[in-house]
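Have a look at the structure below before the remarks.
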Amino acid sequence: RLILTQVGPPQHQAKYNLCHGDFKFSPQSKFQKKLYHYGTFPVGFQWGVSTSAYQIEGGWNADGKGSSTWDTFTHKPGMIQNNDNGDVACDSYNKIEEDLYMLRALKVKTYRFSLSWPRIFPNGYRASLNKKGVDYYNRLIDRLIRYNITPMVTLHHWDLPQALQDINGWDNITMIDIFNDYCDFCYETFGDRVKFWMTFNQPHTIAWVGYGLGAFPPNIKKPADAPYRVAHNLLKAHASAYHTYDDKYRKTQHGLVSISLNADWVEPLDVNIPREVDAADRALQFQLGWFAHPIFKNGDYPDAMKWQVGNKSELQGLSESRLPSFTEGEKAYIQGTADVFCINAYTTRRVHHVTSRLSPKSYEFDQDIAIKDVEDSQETAVKELRTAAWGLRRLLNWIKEEYGNPEIYITENGVSTNTATTDDDTYRIFFLKTYIDEALKAHNLDGVQLKGYTAWSLMDAFEWLNGYSVGFGLHHVDFKHPDRPRTPKRSAHYYYDIIRDNGFPLPEEEKPLYGNFCEGFAWSVATASYQVNKIFIIVCIVGIRISAEILTFLCSL
């Protein structure tokens, strides 16, 4: 195993694992990137598919549901491509049986979905409990259990009740207790059947894209400090929800609680330049480590973040870092608040060091990096998510090395195609074949404790800013038809085969052939007169004696 270590400022020692398993290979090795590995996952490996409430449910104001931040956002003209919204989406609120039929046909073991907070608590608080919303999720969970499909439930997948955003949402510290009460209710109500919980989906997206870039709800553009404050509150809210489960429900319900994080794998521009290796590590720490380091390591932010933001803040004339600090008690409270590591992974990028400007102040500029596409990645319908399957293996290995070899679940992995692609999605088949095989390499060859793979997603859905212009689904949904009919794509059939085979068992045509020729088979050797005579002529001219071994060698030329 090759470990490149770059010693930076006193607070920062970056370890960047570039080589994996028993193989000794260059990070640029074409052989390793293109090697196909045949094998299977262990018995009990958790194959699944995933969705989220706002993207599929529809029924945005049905049966007492409250408005969410995404309802508010999408109802403003010009915010979403083609002015699409999730008012109806896949109409899963009225089509539980249709969704279950697809799940059963795939033979998945798990279904990851999210609860709509405003469907359960319309204004975000327990006092506003909506029984019809609870009934909907009870029906879904009961039917999943009936068909031996394990529910993997995300408590918050971005659709915050608008009433809570009206009090500044995740930038308000009181959200920690409000979220905990919502989680407490969900554990109490559904926890007798739900044994796998994720508090948040991609908190990085909430903090940066929602409160920094302002591209997502709540559409706030304060890149200097709001993302750091929001992330601080999200980590505390997650820890509080974890401890509530630990204290009140774990002994009787015996479930798992985690958080679903996201990361792009990043390669240094030049692995032979320590500064570039350090930049790649820094990029991972600012994205994944921002939340994983406090939870899975020591309860605090990565040294790279603390040094970078602290140093920038000082140069900007501020009296303290824009990155908040945890007390020792808070560190102890946050550390270890996940039973497994859940990761969403889609793409691979290349990173190099730059010295970013000090103004304007921004989480983006704090990192001192520049990002570009890797050369051998392929375009998808979402330009930011180019595919490079080999990056998944490297990301899984980095998680293994950085966080002490935790049990890992891939909770999202998928590829987008445009609306012209309906059932014949051969590109998605290639994606599944190559990405899952890289996950298999990580498990079988590198010792990564990968426990499950969840494809994104069960069906085409409302894809956030892209509306219905792209689809990630294994099933096509006709959004122009009022009944939203679902049709399996070729990739659904292929994913079914992968689940059935539990990976990629060696096909018959690839297996070595052992056996004997028939008795009397004629074994012989051959020469050609010109080749042999030429050697003898050379020997005679030179006038030397040569051994039989040398003569044999010359005859082989």
Side-chain angles (χ1 to χ4, degrees), residues 52-55 60 66-81 83-86 114 116-118 121 123-125 154-179 182 199-238 259-262 286-287 290-291 301 305 308-309 312-313 316 318 320-324 356-367 384 462-467:
S52 83
Y54 184 78
Q55 292 180 272
W60 77 278
S67 183
S68 76
T69 51
W70 272 93
D71 293 321
T72 302
F73 184 77
T74 59
H75 290 165
K76 294 178 182 177
M79 304 305 290
I80 306 294
Q81 190 166 338
N83 287 320
D84 292 336
N85 59 54
S114 71
S116 169
W117 189 346
F121 295 169
N123 68 6
Y125 298 91
T154 306
L155 288 154
H156 181 52
H157 196 129
W158 305 349
D159 51 343
L160 188 71
Q162 181 60 44
L164 296 180
Q165 188 56 50
D166 293 341
I167 60 168
N168 294 326
W170 292 110
D171 207 2
N172 185 336
I173 197 170
T174 64
M175 283 292 296
I176 297 169
D177 291 335
I178 297 170
F179 179 70
Y182 161 66
T199 53
F200 295 102
N201 179 74
Q202 296 187 194
H204 177 275
T205 303
I206 299 172
W208 173 234
V209 185
Y211 288 81
L213 290 174
F216 277 13
N219 197 212
I220 291 173
K221 300 176 183 179
K222 295 181 178 179
D225 46 16
Y228 296 126
R229 291 196 306 270
V230 167
H232 211 62
N233 289 337
L234 289 170
L235 280 162
K236 291 180 181 180
H238 161 78
I259 182 171
S260 189
L261 305 178
N262 65 295
F286 263 81
Q287 185 180 29
W290 193 3
F291 298 91
Y301 296 117
M305 286 193 74
Q308 286 285 135
V309 183
K312 294 269 187 180
S313 299
Q316 290 157 348
L318 302 178
E320 60 183 16
S321 175
R322 286 177 285 107
L323 181 69
S356 297
R357 55 192 177 185
L358 293 175
S359 180
K361 304 179 188 72
S362 172
Y363 159 85
E364 180 180 8
F365 299 146
D366 288 341
Q367 301 176 56
E384 298 86 1
F462 174 83
E463 284 300 335
W464 311 116
L465 299 183
N466 293 292

Quick one, [X] and [Y] - any side-chain contact, counting heavy atoms below 4.5 Å?
| X | Y | answer |
| --- | --- | --- |
| Gln165 | Thr72 | no |
| Pro161 | Asn123 | no |
| Phe73 | Pro218 | no |

How far does [atom1] of [X] sit from [atom2] of [Y], to the nearest 0.5 angstrom?
| X | Y | atom1 | atom2 | answer |
| --- | --- | --- | --- | --- |
| Ile80 | Phe462 | CD1 | CZ | 4.0 Å |
| His238 | Phe179 | NE2 | CZ | 9.0 Å |
| Asn168 | Ile220 | CG | CD1 | 7.0 Å |
| Ser313 | Gln308 | OG | CD | 10.5 Å |
| Met175 | Leu160 | CE | CG | 4.5 Å |
| Thr154 | Asn201 | OG1 | CG | 5.5 Å |

State, to 0.1 Å, how close [X] and [Y] come at their nearest heavy-atom pair, and which atoms those are.
| X | Y | result |
| --- | --- | --- |
| Pro227 | Lys222 | CD-O, 3.0 Å |
| Tyr363 | Phe286 | OH-O, 2.9 Å |
| Val309 | Leu323 | CG1-N, 3.5 Å |
| Gly66 | Asp71 | O-OD2, 4.1 Å |
| Pro118 | Ser67 | CB-O, 4.1 Å |
| Phe365 | Pro360 | CD1-O, 3.2 Å |

**Request:** Please lay out, stage by stage, how Leu318 and Lys361 fare under the test side-chain contact (heavy atoms from CB on, under 4.5 Å).
**Result:** CA-CA 11 Å; Leu318 302 178; Lys361 304 179 188 72; 4.1 Å; yes
**Message:** Using the rule given for side-chain contact (heavy atoms from CB on, under 4.5 Å), can you reason through Trp60 versus His75, listing the C-alpha separation, both sets of side-chain angles and the distance that settles it, and then say yes or no?
**Reply:** CA-CA 11 Å; Trp60 77 278; His75 290 165; 3.6 Å; yes
Please work out which of the three classes, parallel, tilted or perpendicular, describes the rings of [Y] and [X], given edges at 30° and 60°.
| X | Y | answer |
| --- | --- | --- |
| Tyr182 | Trp117 | parallel |
| His156 | Phe200 | perpendicular |
| Tyr54 | Trp70 | tilted |

**Request:** Please name all residues satisfying side-chain hydrogen bond (donor to acceptor under 3.5 Å, both in side chains) with Asp366, sequence neighbours left out, ordered by chain then number.
**Result:**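 With neighbours one apart ignored, the set is Tyr228, Arg322.
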**Request:** Under the side-chain hydrogen bond (donor to acceptor under 3.5 Å, both in side chains) rule, collect the residues that match up with Asp171, sequence neighbours excluded.
**Result:**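 For Asp171, the residues satisfying side-chain hydrogen bond (donor to acceptor under 3.5 Å, both in side chains) (neighbours in sequence not counted) are Arg229.
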Main-chain N/O of [Y] paired with [X] side-chain donor or acceptor, under 3.5 Å:
| X | Y | result |
| --- | --- | --- |
| Gln316 | Leu358 | yes |
| Asn85 | Thr74 | no |
| Asp159 | Ser68 | no |

**Request:** Any chance you could lay out the side-chain contact (heavy atoms from CB on, under 4.5 Å) test for Thr69 and Phe216, step after step, and finish with the verdict?
**Result:** CA-CA 9 Å; Thr69 51; Phe216 277 13; over 6 Å; no
**Request:** Going by the ring-ring contact (aromatic ring centres under 6.0 Å, His included) test, name the single residue among Trp290, Tyr211, Trp158 that passes it with His204.
**Result:**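 When ring-ring contact (aromatic ring centres under 6.0 Å, His included) is applied between His204 and each of Trp290, Tyr211, Trp158, only Trp290 qualifies.
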**Prompt:** Given Tyr301 and His232, is the side-chain contact (heavy atoms from CB on, under 4.5 Å) satisfied, shown in steps?
**Reply:** CA-CA 10 Å; Tyr301 296 117; His232 211 62; 2.7 Å; yes
